[in-house]
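Please read the structure below before turning to the comments.
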Amino acid sequence: MAGAAGPGTGPGAAGGDGDDSLYPIAVLIDELRNEDVQLRLNSIKKLSTIALALGVERTRTELLPFLTDTIYDEDEVLLALAEQLGNFTGLVGGPDFAHCLLPPLESLATVEETVVRDKAVESLRQISQEHTPVALEAHFVPLVKRLASGDWFTSRTSACGLFSVCYPRASNAVKAEIRQHFRSLCSDDTPMVRRAAASKLGEFAKVLELDSVKSEIVPLFTNLASDEQLQKAVGPKITLHDLIPAFQNLLKDCEAEVRAAAAHKVKELCENLPTEGRETIIMNQILPYVKELVSDTNQHVKSALASVIMGLSTILGKENTIEHLLPLFLAQLKDECPEVRLNIISNLDCVNEVIGIRQLSQSLLPAIVELAEDAKWRVRLAIIEYMPLLAGQLGVEFFDEKLNSLCMAWLVDHVYAIREAATNNLMKLVQKFGTEWAQNTIVPKVLVMANDPNYLHRMTTLFCINALSEACGQEITTKQMLPIVLKMAGDQVANVRFNVAKSLQKIGPILDTDALQEEVKPVLQKLGQDEDMDVKYFAQEAISAVAQRLRKLDFPVKDSEEPSGPGADKNHFLRPRGPGEDTGKAHRERAARVAPEEAVGAARFRGTDVAKGPAYQLHVHTETHLPNWKLQN
């Protein structure tokens, strides 16, 4: 939210100091607490821009504490924040100040959503390498200890992924404490914590001294799960006589979490068995237990197995795969748990190398359709990302008959991330199947959406054209796509019109000079006179790009054709709006849909919000403080 106005702190005051360039940065900061999720997400993705503008000191003393105090948001926003902070060391002053990034990441490592915690741990692991040994013991190791002894299981599971990165550079006394914490987590009362510890057992063993491996890690293994590093260390004889029986016990353990941890290691264990007699060992001593887990009562066990079982096909060969593994794959494709079906589909390339995918196609289709329509948007997103792989393996005829309609349906999904992924998916499919296929199959269906009553769907048409134009080439872009874009320049919704300008700038390099001069430029000039400020701005940006391209092609450009007047001045674009100009909620909604790379240029200031009553303005003093984020009452 924007802050209350104060003397000498408004946009005019900052402009008086000659620092208009910070207005869009201030807006990005303001949007960190905006009620619109997409605005918050866009701003989080621009944290590096904010930090660069604020400088290292204000980033450390103001921005990071603010982020630490507001770790309560949608999972999508928190995920983006956790990812951004992993690359922030240089923005807070370098390795000497890397510890400043630990508080917000520590908070993120304790949230409920698994993907957010995993990303926070990944960033913490990255930052740990930038600590000196002294700073590591002073700041990073205490963080690991706090997480390992936290009241909530979420913090303890996150701690499991941090032991191996801080252990090698710690002193002997601290190393002993770290090993003790790890042992405690391996016997934690919460099954999820024990599972997390099991998954990091091998990684931790790699950095331990040999004596510690023998005295501590091997006993832990018999209680948790198999690990390839242990197998290599103890040799084939002990592996066969001790580790295999222990692994069998883990696969049928009474605790579901232990079975899941063991199931996840099935492929690793099989790969690291002695080559001589490996197939016999797997068929006789491992596969019978695996078959039981396919119908396990716990979905985490089935999901863990589904993520690795396809890899056994390359180890066992074609005949064994068809006879013994194929029935298991088919059963998992019909499993009631979406994660199980998704894990099988995501590893189809393994079995395709051995037996081909056609034998799975009849069971594959229903599973794909159900995942494509799953209520969880992350499940839908995951299946979209695997669609190009599936398309290449199933072939164009099967795809057109069975899956094409799904890909088009995703373009009108109510979640923006799904629509964006669906657009990228079309581009990858064109690259795989060719321009002729695109011209006959995809492009006509995309262009029909330009007449959709929902303006979001009309904008999706433009996004698709942006993605498809380069893959389709000049002829298809000029003859089929360009006329639709030009027609949409007259759309009643300003969001659509300024995206038309952006699309014309995007596809400009693909068009020839005649199309640019005779068709594109007149439309852009008209948009440059639009009543909406956003439309004017992006039209002028596009006009500049078109003029530059024409000059490169030695096409004469008159001075009068260059962008001129207030609309072409980016600094002018940052000025406060006048009483008669477009303001309020409609503007914020448009700014929310500006692509992240233009967030600084598009979301540059705020005016009067008619929905909330009193005027509110964004203020930033470049030397003393961040703006307030509260409304003026």
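Because only heavy atoms are used, hydrogens play no part in the values below, and waters and symmetry mates are left out as well, while side chains stay in.
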Which heavy atom in [X] sits nearest to a heavy atom in [Y], and how many Å separate them?
{"X": "Val415", "Y": "Arg380", "value": "CG2-NH2, 3.6 Å"}
{"X": "Lys432", "Y": "Ala391", "value": "CD-C, 4.3 Å"}
{"X": "Ala109", "Y": "Leu124", "value": "CB-CD1, 4.4 Å"}
{"X": "Ala489", "Y": "Val523", "value": "CB-CG1, 3.5 Å"}
{"X": "Asn454", "Y": "Asp452", "value": "N-OD1, 2.8 Å"}
{"X": "Gly86", "Y": "Ile127", "value": "O-CG1, 4.2 Å"}

Does some side-chain heavy atom of [Y] sit less than 4.5 Å from a side-chain heavy atom of [X]?
{"X": "Ile442", "Y": "Phe433", "result": "no"}
{"X": "Val496", "Y": "Leu462", "result": "yes"}
{"X": "Arg341", "Y": "Gln332", "result": "no"}
{"X": "Phe498", "Y": "Leu527", "result": "no"}
{"X": "Phe538", "Y": "Gln505", "result": "no"}
{"X": "Leu426", "Y": "Leu411", "result": "yes"}
{"X": "Leu328", "Y": "Lys291", "result": "yes"}
{"X": "Phe329", "Y": "Met310", "result": "yes"}

Closer than 4.0 angstrom, basic N to acidic O: yes or no for [X] and [Y]?
{"X": "Arg497", "Y": "Asp532", "value": "no"}
{"X": "Glu113", "Y": "Arg117", "value": "no"}
{"X": "Arg125", "Y": "Glu122", "value": "no"}

Within this structure, what is the [atom1]-[atom2] distance for the pair [X] and [Y], rounded to the nearest 0.5 Å?
{"X": "Tyr416", "Y": "Leu456", "atom1": "OH", "atom2": "CG", "value": "10.5 Å"}
{"X": "Met488", "Y": "Ser503", "atom1": "CE", "atom2": "OG", "value": "8.0 Å"}
{"X": "Met408", "Y": "Asn425", "atom1": "CE", "atom2": "CG", "value": "10.5 Å"}
{"X": "Asn466", "Y": "Thr461", "atom1": "CG", "atom2": "OG1", "value": "11.0 Å"}
{"X": "Thr49", "Y": "Leu91", "atom1": "OG1", "atom2": "CG", "value": "9.5 Å"}
{"X": "Ile465", "Y": "Ile476", "atom1": "CD1", "atom2": "CD1", "value": "12.5 Å"}

Is the side chain of [X] donor-acceptor paired with the backbone N or O of [Y] at a distance under 3.5 Å, no angle test?
{"X": "Arg419", "Y": "Asp413", "value": "yes"}
{"X": "Glu339", "Y": "Ser303", "value": "no"}
{"X": "Arg259", "Y": "Leu293", "value": "no"}
{"X": "Asn347", "Y": "Asn343", "value": "yes"}
{"X": "Ser123", "Y": "Ala82", "value": "yes"}
{"X": "Ser307", "Y": "Ala304", "value": "yes"}

Next on the checklist: Determine whether Val290 and Val266 satisfy the following criterion, side-chain contact (heavy atoms from CB on, under 4.5 Å), listing intermediate values before the conclusion.
Outcome noted: CA-CA 8 Å; Val290 169; Val266 164; 4.1 Å; yes
Item to check | Lys445 NZ: over 12 foreign heavy atoms closer than 6.0 Å | outcome: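 More than 12 heavy atoms, drawn from other residues, nucleotides or ligands, come within 6.0 Å of this atom.
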Item to check | Enclosure of Lys506 NZ (heavy-atom neighbours >12, cutoff 6.0 Å) | outcome: no
Next on the checklist: Less than 3.5 Å apart, any donor N or O on the side chain of Gln299 or Asp335 sitting next to an acceptor on the other?
Outcome noted: no
Checklist entry - Are a donor atom and an acceptor atom from the side chains of Gln480 and Gln439 found within less than 3.5 Å of each other? => result yes
Checklist outcome for this item: With sequence neighbours left out, the residues meeting side chain to side chain contact (heavy atoms under 4.5 Å, CB included) with Glu519 are Leu482, Leu486, Ala515
Next on the checklist: Holding to side-chain hydrogen bond (donor to acceptor under 3.5 Å, both in side chains), I want the full list of residues that pass it with Ser158, two or more places apart in sequence or in another chain.
Outcome noted: none
Item to check | Candidate pair Val301 and Leu305, rule side-chain contact (heavy atoms from CB on, under 4.5 Å), full reasoning | outcome: CA-CA 6 Å; Val301 176; Leu305 180 64; 5.7 Å; no
Next on the checklist: Please evaluate residues Cys472 and Val430 with respect to the criterion side-chain contact (heavy atoms from CB on, under 4.5 Å), reporting the C-alpha separation (whole Å), side-chain torsions for both, the decisive distance (0.1 Å), and the verdict.
Outcome noted: CA-CA 7 Å; Cys472 289; Val430 172; 4.2 Å; yes
Next on the checklist: Suppose the criterion is side chain to side chain donor-acceptor pair (under 3.5 Å): which pairs have a residue in residues 468-479, not counting sequence neighbours?
Outcome noted: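 Passing the test, one end in residues 468-479: Glu475-Lys479.
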Checklist entry - Step by step, would you call Met449 with Val412 a side-chain contact (heavy atoms from CB on, under 4.5 Å)? => result CA-CA 9 Å; Met449 293 169 57; Val412 295; 3.9 Å; yes
